[in-house]
Amino acid sequence: MKLIHKLLFLVLLSLLSVSLCGQEREQNNARNNYFSFLKEEGFSPQTDKDGDIQFEKDSQFYYLLVYDETPPLYIQIQNPGVNLSGSEFNNYEIILKAMNTVNLKQRLTKLVIEEGILYCRIELLIQNANSFRYLFYRSMQYLNDSSEAFKVEYERLKETKPAIEEKDNLAKRIVI
């Protein structure tokens with residue numbers, strides 16, 4: 001009886017191993033397709049230590065992150081759009097309000113802050129790696145539009161800061 005359990009365990013373990021190898025191979029195939037496309041388009045892609053693909057477009061660096069191995073494939077394209085540690089962006093409250101406005105108004109993208117850098121990200125679910133070719137340029141336009149929208153919104157809010165503070169104070173008084 002113990003021999004049957006051991007054999008059953010070995011069979012299950014080998015099936016799991018084959019399945020995991022297949023998923024890793026599929027993910028590597030998708031990464032290779034993305035990498036090849038970016039290379040063909042002249043973006044000089046490189047793979048970093050995490051397996052993410054870094055590429056350059058119009059003197060800006062972008063990252064392509066691949067998360068899912070099976071269709072639909074979940075990928076993320078991001079650019080570190082704005083370094084917030086500079087003196088240009090010095091009001092955290094206005095930064096958050098500008099981010100919120102852009103996140104509400106812009107399609108498909110979201111702005112996030114990590115370690116003092118504002119990232120603009122687009123997340124996509126695609127059926128296969130070849131679909132990426134059709135969505136790439138449109139996705140890049142959305143990323144650029146969102147980064148620019150943030151800068152414009154930040155400047156607009158900075159100019160209207162006294163009105164914003166007055167409105168916030170009124171909102172606090174109403175809540176209390």
Side-chain angles (χ1 to χ4, degrees), residues 16-86 88-89 91-92 94-158:
L16 178 64
S17 173
V18 168
S19 174
L20 291 176
C21 287
Q23 287 179 348
E24 187 175 318
R25 188 173 28 253
E26 202 169 318
Q27 187 176 26
N28 285 335
N29 285 340
R31 282 183 208 277
N32 290 338
N33 282 343
Y34 304 141
F35 191 92
S36 295
F37 169 76
L38 292 168
K39 191 172 184 178
E40 289 167 14
E41 296 295 310
F43 294 115
S44 304
Q46 298 176 350
T47 305
D48 69 11
K49 62 182 175 69
D50 298 329
D52 302 329
I53 300 171
Q54 177 184 349
F55 61 97
E56 186 177 357
K57 180 181 184 297
D58 300 329
S59 301
Q60 262 195 340
F61 286 100
Y62 294 84
Y63 295 90
L64 174 66
L65 296 83
V66 180
Y67 291 103
D68 284 344
E69 305 85 22
T70 57
L73 302 168
Y74 171 62
I75 63 171
Q76 186 180 89
I77 305 171
Q78 70 178 14
N79 73 329
V82 179
N83 186 345
L84 299 174
S85 62
E88 180 184 356
F89 299 98
N91 187 316
Y92 195 68
I94 293 177
I95 289 170
L96 293 177
K97 288 180 186 227
M99 285 175 57
N100 191 47
T101 300
V102 172
N103 282 338
L104 289 170
K105 291 183 177 180
Q106 295 293 113
R107 293 180 180 169
L108 301 175
T109 57
K110 65 180 169 184
L111 302 177
V112 296
I113 297 175
E114 288 181 12
E115 298 176 11
I117 296 175
L118 177 80
Y119 287 90
C120 187
R121 295 180 175 162
I122 189 165
E123 298 173 333
L124 301 168
L125 283 173
I126 56 176
Q127 191 55 35
N128 57 52
N130 290 329
S131 301
F132 175 72
R133 296 174 180 268
Y134 302 107
L135 298 171
F136 176 75
Y137 285 103
R138 185 102 187 243
S139 298
M140 295 300 289
Q141 187 61 52
Y142 281 130
L143 283 175
N144 293 332
D145 291 349
S146 292
S147 290
E148 286 305 309
F150 169 78
K151 293 172 187 172
V152 168
E153 184 65 14
Y154 181 85
E155 289 302 317
R156 187 188 73 75
L157 290 171
K158 197 165 79 171

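Only heavy atoms go into these numbers, but all of them, side chains included; no hydrogens, no water, no symmetry mates. The model shown is predicted, which means the values in this text are computed figures rather than measured ones.
- When all heavy atoms of L108 and I122 are compared, the closest pair comes out as O-CG1, 3.5 Å.
- The shortest non-hydrogen separation linking R31 to G51 is NH1-O, 2.8 Å.
- At least one side-chain heavy atom of N91 sits less than 4.5 Å from a side-chain heavy atom of Y154.
- Looking only at side-chain heavy atoms (C-beta outward), I77 and F132 come within less than 4.5 Å of each other.
- The two residues F61 and P80 come nearest to each other via the heavy atoms O-CD, 3.4 Å.
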Between side-chain atoms of residues 133-143 and protein atoms elsewhere (two or more places apart, or another chain), which donor-acceptor pairs fall under 3.5 Å?
| unit_1 | atom_1 | unit_2 | atom_2 | d |
| --- | --- | --- | --- | --- |
| R133 | NH1 | E40 | OE1 | 3.2 |
| Y137 | OH | E41 | OE1 | 2.5 |
| R138 | NH2 | Y142 | OH | 3.2 |
| S139 | OG | L135 | O | 2.8 |
| Q141 | NE2 | D145 | OD1 | 2.7 |

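- For the atom pair CE (M99) and CG (L118), the distance works out to 5.5 Å, reported to the nearest 0.5 Å.
- R121 has its side chain within reach of V112: a pair of non-hydrogen atoms, C-beta onward, lies under 4.5 Å apart.
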- Task: Test side-chain contact (heavy atoms from CB on, under 4.5 Å) on Y62 and L38 and set out the steps.
- Result: CA-CA 11 Å; Y62 294 84; L38 292 168; over 6 Å; no
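- Taken from CD1 in I117 to CG in N79, the straight-line distance is 11.0 Å, to the nearest 0.5 Å.
- Going from atom CG of L124 over to atom CD of Q76 covers 9.5 Å, rounded to the nearest 0.5 Å.
- When side chains are defined from C-beta on, L73 does not count as touching V66, because their heavy atoms never get closer than 4.5 Å.
- Atoms CD and CG, on Q60 and N144 in that order, are 6.0 Å from each other to the nearest 0.5 Å.
- The two residues V102 and S146 come nearest to each other via the heavy atoms CG1-O, 3.8 Å.
- Here the CZ-CZ distance, from F37 to F43, works out to 6.5 Å after rounding to the nearest 0.5 Å.
- Sorted by first and then second residue, the side chain to side chain donor-acceptor pair (under 3.5 Å) pairs involving residues 44-56 (not counting sequence neighbours) form an empty list.
- Going from atom CG of N100 over to atom CD1 of I95 covers 13.5 Å, rounded to the nearest 0.5 Å.
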